[in-house]
Amino acid sequence: MQLARLAVLVKWLDASSIAPRSPMGDTVTMGRWAEIIPVAFDELPPTDFDPMALSLFVSIEQTVGLSFPDVADVGFPVGQLRPAARLEHLRLKVEDAAMALPSPWRSQNDTLPPMAIVGITDPEMTPQDAVDAAGASEIDLDTFPVIVAPTWAFSAKERAEIEARFPFLPLR
């Protein structure tokens, strides 16, 4: 079940990164909304991404069966909001799903399934340490994807706002 849920997120991220048309019919340059990065949760996370990119770390074990590009698009995401705003948007969408709130104003393609989202505040911390510190180590990994977002790259103000709302655990 978690693989199907993660596949929905991958599809949603792809759709959220499509370059739209301007009113004059030109293609507007659009960077990647966020990028899922499969990582070993017991190793230090990668840090080689633009601070404006939103990298979402997922354990390699949870991504088995999904395909990802050989090289992740973690450069400057032209046309996208700041990463903290995108992470908050993601949290709100999975929170709606966890509470089974009806979303009549959204299309069926604009909903996400429940999943856990944890912030990692220090690049010298492993994703597993962040998951444990957040109290998310008891999440059923066969049911829920666990997303770890590097909040260390956010401004101090953004970190304070995000940390007041995270982690998001679907069964709280």
Side-chain angles (χ1 to χ4, degrees), residues 1-18 32-49 53-74 83-104 106-154 162-172:
M1 178 180 287
Q2 72 77 23
L3 189 61
R5 289 177 171 180
L6 194 54
V8 170
L9 176 60
V10 169
K11 184 177 177 183
W12 186 85
L13 291 175
D14 288 343
S16 298
S17 303
I18 293 173
R32 188 87 181 136
W33 198 91
E35 189 75 84
I36 293 177
I37 313 290
V39 298
F41 267 28
D42 61 348
E43 295 177 11
L44 293 179
T47 58
D48 57 342
F49 53 87
L54 179 56
S55 296
L56 302 174
F57 306 136
V58 179
S59 72
I60 292 169
E61 295 80 14
Q62 285 203 306
T63 62
V64 171
L66 295 175
S67 357
F68 296 95
D70 291 336
V71 178
D73 183 356
V74 291
R86 288 179 275 146
L87 184 59
E88 175 63 8
H89 182 76
L90 180 63
R91 183 194 66 82
L92 289 170
K93 291 182 86 55
V94 299
E95 184 178 55
D96 285 355
M99 293 188 302
L101 291 177
S103 302
R106 290 189 183 136
S107 77
Q108 289 294 61
N109 295 331
D110 193 30
T111 59
L112 292 175
M115 59 191 75
I117 306 174
V118 172
I120 183 169
T121 58
D122 185 341
E124 295 298 316
M125 174 184 250
T126 68
Q128 187 61 56
D129 289 340
V131 168
D132 293 344
S137 55
E138 298 302 316
I139 294 284
D140 179 0
L141 298 179
D142 292 330
T143 304
F144 299 106
V146 176
I147 310 295
V148 178
T151 59
W152 71 74
F154 298 175
I162 289 289
E163 289 168 8
R165 296 183 203 75
F166 280 80
F168 178 76
L169 306 177
L171 298 179
R172 270 197 182 168

Asker: Find the distance between CE (M115) and CD (E95) and round it off to the nearest 0.5 Å.
Answerer: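 It is 13.5 Å, given to the nearest 0.5 Å.
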Asker: Taking only residues two or more places apart in sequence or in another chain, which ones pass salt bridge (charged side-chain N to carboxylate O under 4.0 Å, His left out) with R5?
Answerer: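 R5 satisfies salt bridge (charged side-chain N to carboxylate O under 4.0 Å, His left out) with no residue once adjacent residues are dropped.
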Asker: Among residues at least two apart in sequence or on other chains, which ones pass salt bridge (charged side-chain N to carboxylate O under 4.0 Å, His left out) with D73?
Answerer: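 Scan of D73 (salt bridge (charged side-chain N to carboxylate O under 4.0 Å, His left out), adjacent residues dropped) gives none.
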Asker: With a 4.5 Å cut-off on side-chain heavy atoms, are L66 and I36 touching?
Answerer: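 No, every pair of side-chain atoms sits at 4.5 Å or beyond.
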Asker: Ignoring hydrogens, what is the shortest heavy-atom contact between L44 and P123? Give both atom names and the distance.
Answerer: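 For L44 versus P123, the nearest heavy atoms are CD2-O, 3.7 Å.
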Asker: With a cut-off of 3.5 Å and sequence neighbours excluded, list every side-chain donor-acceptor pair involving residues 135-148.
Answerer:
residue : atom : partner : partner atom : Å
D140    : OD1  : D142    : N            : 3.0
D140    : OD2  : T143    : OG1          : 2.7

Asker: Could you walk me through whether L13 and E35 pass the side-chain contact (heavy atoms from CB on, under 4.5 Å) test, one step at a time?
Answerer: CA-CA 8 Å; L13 291 175; E35 189 75 84; over 6 Å; no
Asker: Dump the intermediate steps for side-chain contact (heavy atoms from CB on, under 4.5 Å) on F154 and L87, then the final yes or no.
Answerer: CA-CA 11 Å; F154 298 175; L87 184 59; 3.9 Å; yes
Asker: Is there side-chain contact between L9 and L90, with heavy atoms separated by less than 4.5 Å?
Answerer: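 Yes, at least one pair of side-chain atoms sits under 4.5 Å.
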Asker: Quick one: list whatever passes side-chain hydrogen bond (donor to acceptor under 3.5 Å, both in side chains) with E88, sequence neighbours left out.
Answerer: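 Per chain and number, E88 pairs via side-chain hydrogen bond (donor to acceptor under 3.5 Å, both in side chains) with R91, R165.
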Asker: Minimum heavy-atom separation for A84 and I162, please, with both atom names.
Answerer: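 Nearest pair, atom of A84 first, then I162: O-CD1, 3.8 Å.
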Asker: Kindly indicate whether the side chain of V10, heavy atoms from C-beta on, has any atom under 4.5 Å from the side chain of F68.
Answerer: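 V10 reaches F68 side chain to side chain.
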Asker: With V8, which residues qualify under side-chain contact (heavy atoms from CB on, under 4.5 Å), at least two apart?
Answerer: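 Scan of V8 (side-chain contact (heavy atoms from CB on, under 4.5 Å), adjacent residues dropped) gives L112, P113.
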Asker: Hey, what's the ring geometry for F57 with F49, parallel, tilted or perpendicular (30° and 60° as the breaks)?
Answerer: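 Answer is perpendicular, since the angle exceeds 60°.
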Asker: Could you tell me whether the side chain of I18 reaches within less than 4.5 Å of the side chain of W33, counting heavy atoms only?
Answerer: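 Result no, sub-4.5 Å side-chain heavy-atom pair not found.
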Asker: With sequence neighbours left out, write down each residue that passes side-chain contact (heavy atoms from CB on, under 4.5 Å) with I60, or none if nothing qualifies.
Answerer: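 I60 satisfies side-chain contact (heavy atoms from CB on, under 4.5 Å) with P38, A40 once adjacent residues are dropped.
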Asker: Would you give the length of the straight line joining atom OG of S16 to atom NZ of K11, rounded to the nearest 0.5 angstrom?
Answerer: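 Output value for this atom pair is 12.0 Å.
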Asker: Does the side chain of I117 reach to within under 4.5 Å of the side chain of L56, using non-hydrogen atoms?
Answerer: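 Heavy-atom side-chain distance check fails, nothing below 4.5 Å.
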Asker: Would you name the heavy atoms of G119 and T151 that are closest together and state the gap between them?
Answerer: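 Taking G119 first and T151 second, the nearest heavy atoms are CA-CG2, 4.0 Å.
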Asker: With heavy-atom distances below 4.5 Å as the criterion, would you say the side chains of P114 and V94 are in contact?
Answerer: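 Result no, sub-4.5 Å side-chain heavy-atom pair not found.
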Asker: Does any non-hydrogen side-chain atom of M1 lie less than 4.5 Å from one of L6?
Answerer: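 L6 vs M1: side chains apart.
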Asker: Could you pull out the closest heavy-atom pair between I120 and P150, with the gap in Å?
Answerer: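 Looks like CG2-CA, 3.4 Å.
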Asker: Just list the side-chain donor-acceptor pairs under 3.5 Å for residues 124-131, sequence neighbours left out, or say none.
Answerer:
residue : atom : partner : partner atom : Å
T126    : OG1  : D129    : N            : 3.0
T126    : OG1  : D129    : OD2          : 3.2
Q128    : NE2  : D132    : OD1          : 2.9

Asker: Let me confirm one number: the CH2-NZ distance from W12 to K93, rounded to the nearest 0.5 Å.
Answerer: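 It comes to 5.5 Å.
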